[in-house]
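Both backbone and side-chain heavy atoms feed into the values below; hydrogens, waters and symmetry mates do not. No experiment lies behind these values; they were computed from the predicted model shown.
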Amino acid sequence: MEQARNNGSSGKERLFYMDVLRILACIFVVGNHTLGSVFADMQPGGVQTALVAWFFLCKTGVPLFLMLSGALLMRGTPTYSSIFKKTGQLVLVLTAASLYVWCFQMERVGSFELAPFLIALFRDPILLNYWYLYTAVGLYLMTPLLYRMVQNLEGVDFGWYMLLWMLFAGFLPMLELYAYPTVSSHLYVPLFSSYLGYFISGYCLAWRRRGRYDGAMTAVFAVLMGGAGYYLVTATLSEQGGGVRIRLLLDNARYLPIMLLSMGLFIVFRGLFDGRNIPNSLRWCFAKTADATFGVYIIHSILIPYFADKRTELFSAMPEGQAAMSYTSLVFFSALLLALVAKEIPIIKKLL
């Protein structure tokens with residue numbers, strides 16, 4: 001999804017673990033958009049629990065992309081001209097994709113007027129899945145300023161920022177779900193907003209100086225991931241009973257368990273693959289796929305309405321769990337194929 005490249009013109013080494021995370025995050029985003037409430041009417045049991053667990057794991061897709069964006073965009077010294085160029089490219093892609101949806105999926109091609117389209121585009125995403133592009137534009141414009149801030153963060157500063165971020169953006173909002181007394185909303189500071197925190201933490205986790213406690217931190221976050229995942233599933237399933245549909249109580253990347261899962265995945269995959277001797281052929285395959293993830297994000301959102309109409313026809317004979325995963329796979333690989341083809345077209349390659 002992120003347009004920032006993993007190597008770039010400056011000749012910096014491409015990091016394999018970031019390519020792996022980009023692909024994984026892209027799969028999670030597609031899974032999040034295709035699963036929806038497919039398990040809401042299932043009978044309680046192992047299949048339903050597994051799908052709920054997979055659904056919440058998919059909720060880490062956008063946080064992972066935000067963390068990778070922060071790590072890659074602030075890897076060098078972002079200039080205002082480079083950021084304005086990237087922002088312009090992003091706005092152009094958003095406008096073109098939204099125009100297609102407006103004209104063909106919303107069937108307004110015969111009565112198209114520019115002003116209503118631009119007003120709708122400015123106010124809200126014409127396709128809900130494109131909300132991330134609006135957030136990305138804001139983060140892009142802030143990148144040069146954020147870079148200057150994070151360059152001066154030392155170890156204790158990073159730890160203090162993370163603590164405040166998890167408190168204000170993750171823990172206190174989660175408490176409000178359970179109607180526990182919490183602090184005044186006037187205490188919340190935008191600097192610790194959830195998506196900005198992911199952006200900054202991605203940079204700090206990727207480029208901070210490594211120490212002898214990295215292995216211990218990986219193990220700690222792996223344990224926290226397990227605890228967070230267990231809590232997400234059990235808290236969600238506890239909301240059903242007596243014929244009541246599942247209530248996805250913690251279905252938001254703002255909440256602390258999703259933060260722990262997202263940061264844990266980043267740290268664990270960095271520990272698994274960073275500095276490893278990976279065959280060049282495998283590096284090339286992952287790099288090619290990772291570079292297509294932004295295109296997959298744009299295209300899969302357009303494909304979903306077309307596939308949704310045939311979903312029952314294609315997968316009705318399969319068990320529920322297998323049908324759900326097969327549908328996600330169909331959308332992902334179809335979008336990936338189209339994205340890889342599109343990137344061979346010179347004018348589109350520069351945008352995707």
Side-chain angles (χ1 to χ4, degrees), residues 1-8 10 12-32 57-78 82-83 86-87 89-90 93 131-144 146-147 150 158 161-162 165 193-208 210 218 221 225 253 258-276 278 283 286-298 300 332 336 339 352:
M1 191 186 299
E2 172 51 43
Q3 294 186 92
R5 297 293 178 253
N6 206 351
N7 49 3
S10 60
K12 294 174 181 174
E13 178 189 0
R14 183 161 192 140
L15 299 178
F16 182 73
Y17 84 90
M18 288 194 177
D19 284 337
V20 174
L21 281 173
R22 285 175 69 184
I23 297 169
L24 190 65
C26 189
I27 293 172
F28 287 165
V29 168
V30 175
N32 179 49
L57 189 61
C58 288
K59 285 296 173 182
T60 65
V62 166
L64 285 173
F65 272 125
L66 288 168
M67 295 170 75
L68 289 166
S69 297
L72 294 172
L73 287 172
M74 295 191 287
R75 185 180 188 181
T77 303
S82 66
I83 290 300
K86 289 181 181 296
T87 303
Q89 291 174 335
L90 193 62
V93 172
W131 68 266
Y132 171 82
L133 300 180
Y134 289 75
T135 301
V137 166
L139 289 171
Y140 277 19
L141 295 175
M142 294 174 66
T143 298
L146 293 174
Y147 172 77
V150 299
F158 172 59
Y161 179 85
M162 298 299 294
W165 171 55
S193 65
S194 58
Y195 297 131
L196 183 59
Y198 285 123
F199 195 76
I200 293 174
S201 65
Y203 169 84
C204 294
L205 289 174
W207 308 123
R208 72 176 183 85
R210 305 296 173 84
T218 301
F221 264 95
M225 284 170 59
I258 303 295
M259 290 180 173
L260 295 176
L261 278 175
S262 303
M263 292 185 64
L265 284 170
F266 194 100
I267 292 170
V268 168
F269 273 81
R270 187 194 68 184
L272 285 174
F273 295 110
D274 194 21
R276 304 292 182 183
I278 308 297
R283 284 183 178 273
F286 273 77
K288 197 78 172 176
T289 305
D291 283 343
T293 53
F294 181 67
V296 172
Y297 169 74
I298 296 296
H300 93 276
F332 173 77
L336 176 60
L352 297 181

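- Distance check: Met162 CE to Phe158 CZ gives 4.5 Å after rounding to the nearest 0.5 Å.
- With rounding to the nearest 0.5 angstrom, the CE atom of Met259 is 9.0 Å from the OG atom of Ser201.
- Note: Tyr147 and Tyr203 have perpendicular aromatic rings, judged against thresholds of 30 and 60 degrees for the angle between ring planes.
- Using a 4.5 Å heavy-atom cutoff, the side chains of Pro63 and Ile258 are in contact.
- Annotation for Arg283 and Arg276: closest pair NH2-O, 3.4 Å, computed over non-hydrogen atoms.
- Atom-to-atom distance recorded for Lys86:NZ and Leu141:CG is 13.0 Å, nearest 0.5 angstrom.
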Pair Met67, Met263 - check side-chain contact (heavy atoms from CB on, under 4.5 Å), show working. CA-CA 9 Å; Met67 295 170 75; Met263 292 185 64; 4.0 Å; yes

Phe65 and Cys26: side-chain contact (heavy atoms from CB on, under 4.5 Å), yes or no, with the steps? CA-CA 8 Å; Phe65 272 125; Cys26 189; 3.9 Å; yes

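- Checked for salt-bridge contact, Lys288 and Asp19 miss the test: no charged N lies under 4.0 Å from a carboxylate O.
- Aromatic pair Tyr195/Trp131: centroids less than 6.0 angstrom apart.
- Checked by atom type and distance alone, the side chain of Trp207 never pairs as donor or acceptor with a backbone atom of Arg75 at under 3.5 Å.
- At least one side-chain heavy atom of Phe332 sits under 4.5 Å from a side-chain heavy atom of Leu336.
- Between the CG atom in Leu24 and the CG atom in Leu64 there is a gap of 6.5 Å [rounded to 0.5 Å].
- Within the 4.5 Å cutoff, the side chain of Leu133 has heavy atoms near those of the Phe294 side chain.
- Two rings, from Phe269 and Tyr17, have their centers 6.0 Å or more apart.
- Put simply, CG on Leu265 and CG on Leu272 are 10.5 Å apart, with the number rounded to the nearest 0.5 Å.
- Between Trp165 and Ile200, the closest side-chain pair of non-hydrogen atoms is not below 4.5 Å.
- Nearest heavy-atom pair across Arg14 and Ala290 is NH2-CB, 4.1 Å.
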Verdict with supporting geometry, Thr135 and Phe199, side-chain contact (heavy atoms from CB on, under 4.5 Å): CA-CA 11 Å; Thr135 301; Phe199 195 76; over 6 Å; no

Evaluate Tyr198 against Leu139 for side-chain contact (heavy atoms from CB on, under 4.5 Å), listing each step before the verdict. CA-CA 11 Å; Tyr198 285 123; Leu139 289 171; over 6 Å; no

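- Closest of all the heavy-atom pairs between Gly295 and Ala339 is C-CB, 3.8 Å.
- We find the CE-CZ distance between Met18 and Phe286 to be 16.0 Å, quoted to the nearest 0.5 Å.
- No option in Leu68, Leu15, Thr60 other than Leu68 meets the side chain to side chain contact (heavy atoms under 4.5 Å, CB included) test with Leu21.
- Among all heavy-atom pairs drawn from Gly202 and Ala71, the shortest one is O-CB, 3.6 Å.
- Nearest heavy-atom pair across Met225 and Leu260 is CG-O, 3.7 Å.
- Using a 4.5 Å heavy-atom threshold, the side chains of Leu196 and Met142 count as touching.
- The two atoms that bring Pro78 and Pro144 nearest to each other are O-CB, 4.1 Å, heavy atoms only.
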